[in-house]
Amino acid sequence: GKATVRRTGGSIAATRYTLLPTVNFLIDPILQRVALKTEFFIDAGTPPAVARFAGPRNYAGQPMRLE
């Protein structure tokens, strides 16, 4: 969906994407409750660029945020 990323000196209009793992329709509800959520905010300019990333750094679940 549409979102606004606030940065020093202004804000960026971006599109928000949320990623959750999927394996099987029977396992997915359980897996998505346990798995970490990853969010991307993409600037729709030319070329598209990542405005913000928030999610796990690796499978150990170390959180990370890039702006």
Check your understanding: Is the shortest heavy-atom distance from the side chain of T4 to the side chain of I12 under 4.5 Å?
Key -> no
**Study point:** Closest approach of D43 to A14 (non-hydrogen atoms, all atoms of both residues)
**Key:** N-CB, 4.3 Å
Point to revise | Common cluster, M64/L19, ILVMFWY with side-chain heavy-atom separation under 4.5 Å | key: yes
Practice item. Work out which heavy atom in R52 is nearest to a heavy atom in R6; give both atom names and the distance. Key: NH2-O, 3.6 Å
Exercise for review: Return each pair, listed once, that meets salt bridge (Lys or Arg N to Asp or Glu O under 4.0 Å) where at least one residue sits in residues 25-35; pairs must be two or more places apart or across chains.
Suggested key: none
Revision key, fill the gap. Taken to the nearest 0.5 Å, the spacing of N24 CG from I30 CD1 works out to 10.5 Å
Practice item. Could you pull out all residues at least two apart from F40 that satisfy ring-ring contact (aromatic ring centres under 6.0 Å, His included)? Key: F53
Point to revise | Summary of salt bridge (Lys or Arg N to Asp or Glu O under 4.0 Å) pairs that have at least one residue in residues 13-27, sequence neighbours excluded | key: R16-E39
